[in-house]
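Down below is the structure, laid out as structure tokens.
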There are 2 protein chains.
Amino acid sequence: MSDAAAGTPESPPPSPWERERPVRARVAPAREPLSRERIVEAAFVVLDRSGLDKLSMRQVAAELEVAVSALYAYVRSKDDLLELMYTRLFADFTLPEPDPERWREQVLDYARSWRWLLLSHRDMARISMAHVPFTAELLPYVEALLAIFRTAGLPDRIAAEAGDLISTYIDGFVLEEGMWQDRAAEQAGSGSLARPDWREMADEMQNYFASLPEEDFPHLRALSGSMVTESSDERFDIGLEIILRGLASYLPDREA
Amino acid sequence: MSDAAAGTPESPPPSPWERERPVRARVAPAREPLSRERIVEAAFVVLDRSGLDKLSMRQVAAELEVAVSALYAYVRSKDDLLELMYTRLFADFTLPEPDPERWREQVLDYARSWRWLLLSHRDMARISMAHVPFTAELLPYVEALLAIFRTAGLPDRIAAEAGDLISTYIDGFVLEEGMWQDRAAEQAGSGSLARPDWREMADEMQNYFASLPEEDFPHLRALSGSMVTESSDERFDIGLEIILRGLASYLPDREA
DNA sequence: ATATCTTGATGAACGCCGTTCTCTTGCTGA
DNA sequence: TCAGCAAGAGAACGGCGTTCATCAAGATAT
């Protein structure tokens, strides 16, 4: 809420966390000076190596071989750092131009790209869920999604909810993917430090559902088959398709 | 790593966190002894008073006027405590008997009840999102939801995804509600300690969207109207309706 | 050339956290 | 009466986010 909405009427003395990397260093510096970018980069390294629960300011500082307090010259707080990471993820996101004829594919592309980005770093979905993407840098991406819905012809009430619905679905799906991955990883023991692939995940799910008593949970057991047959990508698309069909039903010229 | 694989072949001495409240105390005890229930209850008090970020074992112990270490006789860890809180929330949840004729209303009831429970304690959606409801106590509730979908006639692939989709939607929606509430609360300052009502939330959203530049975000601004006009309950139902329409499109005898 | 200012980074410190360990206390049953 | 026991207390460990006084060294001014 701070900078974007309120504005800063008084002549702004540059807060330490807002200053840019100084332009000096005419000659090559012995060690590259700190910067917001380098801190975010290091944070991603720690995140991928150790996970969100172990991501601390101290670990990030250690990764940069720097004192913890030095970070606070570029970053307001840990939460600020997480928000920078979240924002940075959006940087690799290409916005589609709304085209009423192809709104379904555009939403599909949007969702798949976003999921792909979330999967590119460990626990990223957890970070994503913790932030409403309503900061100044992220608004264009929300706007673009809503543009697709509105130019497709959806009523405003529906388009507004559809944005939330799709975003929530993506985050939630990837979040759950991550949980199954962690489960599979810890069941495999410390031997497999690499992230488990889909096969291991499916095995873990299979084992779990197979262990349920048949008479108490007939539906869960019956559906476990579908969950293992389908890959994560297929399951993701199925959920999207459900939403898209729901949305299409609000279109005036709906197809069968 | 070694314990998990090895199992525990020796006759298990009851772990301290598994023991029941001792039956003694024939006469009324000066102070009621500790128990898992009392701890969970105190945790809810702290949660509602201070929020999830401030919910610590120490605060819970203080609420019970007890040493921190005493808690660990009944609870394995803080995460275990959170899971107990989550499970306990489900206790007030009544399960519907699947009825193919009324599957839509049943899903609506299910979702509304669950949202209502999530709203009954501060930050509960955050706790909910952090746990897949696949513990033994919670499985019946998942099973019941899937039962509704399957007896309604949905294909297995769809029913399986629908379960995730609906659950994710509920959690995500309430999560976002909480974020707007927090925003409104902190904007109102420390004066209003009570949780902000819907009117304040809507005002906060209204202000936010009105502050956006018209030319850059025409769709966001256009849709902000819908978000303020509709109450949270109405918006929740709209999202549900989108999903339900999508699901209905997979039914053999689908209505127009 | 010398003195002053500025700035990026340091290291210690504060208060809080989850968790574990040892010790006390007061009751139970023989 | 007294050993045994279990519930709870208290201190301690290592880690956390954050702040603050300090420092070293380059830039600037005299």
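FYI, side chains are in, hydrogens and waters are out, and symmetry mates aren't considered; it's all heavy atoms of this structure.
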Between P on C:dG11 and CG on A:Leu71, what's the gap in Å once rounded to a whole number? 14 Å

Proximal nucleotide (of C:dA9, D:dT18, C:dT20) relative to the A:Pro33 side chain: C:dA9

Using whole Å, report how far CG of A:Leu34 lies from C1' of C:dT10. 12 Å

Using nucleotides 21-26 of chain C, report all nitrogen or oxygen pairs with the protein that are shorter than 3.5 Å.
none

Could you list all N or O pairs between the protein and nucleotides 12-14 of chain D that sit under 3.5 Å apart?
unit_1 : atom_1 : unit_2  : atom_2 : d
D:dA12 : N6     : B:Arg58 : NH2    : 3.4

According to ring-ring contact (aromatic ring centres under 6.0 Å, His included), who are the partners of A:Phe236, at least two apart in sequence or on a separate chain? A:Tyr169, A:Phe173

Taking side-chain contact (heavy atoms from CB on, under 4.5 Å) as the definition, give me every residue that meets it alongside B:Glu83, ordered by chain and number, with sequence neighbours left out. B:Thr87, B:His131, B:Thr135

Here the distance between atom P of D:dG17 and atom CD1 of A:Ile39, to the nearest Å, is 14 Å

Whole angstrom value for the distance that separates C1' of D:dG15 from NZ of A:Lys54: 11 Å

Enumerate the residue pairs fulfilling salt bridge (charged side-chain N to carboxylate O under 4.0 Å, His left out) with a member in residues 164-179 of chain B, sequence neighbours excluded, ordered by first and then second residue. A:Arg235-B:Asp164, B:Arg115-B:Glu177

Let me know the distance between CG of A:Leu81 and C1' of D:dT18, rounded to the nearest Å. 14 Å

Quick one: side-chain contact (heavy atoms from CB on, under 4.5 Å) partners of B:Ala70, sequence neighbours excluded? B:Leu34, B:Val66

Please report the distance, rounded to the nearest Å, between CG in B:Asp80 and C1' in C:dT19. 14 Å

Which nucleotide in C:dG18, C:dG11, D:dA9 has an atom nearest any side-chain atom of B:Ala67: D:dA9

Pairs meeting criterion salt bridge (charged side-chain N to carboxylate O under 4.0 Å, His left out) with involvement of residues 50-61 of chain B, two or more places apart: B:Asp53-B:Arg126

Looking at D:dG8, I'd like to know if its phosphate oxygens (OP1 or OP2) sit under 4.0 Å from a side-chain N or O belonging to B:Tyr74. yes

Interatomic spacing from CE in A:Met227 to CE in A:Met201 - rounded to 0.5 Å: 9.5 Å

Rounded to the nearest 0.5 Å, what's the gap from CG on A:Leu52 to CG on A:Leu82? Could you check? 6.5 Å

Euclidean distance, atom CG of residue B:Leu64 to atom P of D:dG8 [Å, nearest integer]: 10 Å

Taking the side chain of A:Ser77 as its heavy atoms from C-beta onward, which of C:dG11, C:dG18, D:dT18 lies nearest to it? D:dT18

Looking only at side-chain atoms of A:Gln59, point me to the closest of D:dC16, D:dA9, C:dG18. D:dC16

Grab the CD-C1' distance between A:Glu65 and C:dG11 for me, whole Å please. 17 Å

Who pairs with A:Ala42 by side-chain contact (heavy atoms from CB on, under 4.5 Å), at least two apart in sequence or on another chain? A:Val60, A:Glu63, A:Leu64

By side-chain contact (heavy atoms from CB on, under 4.5 Å), which residues pair with B:Gln206, not counting sequence neighbours? B:Val228

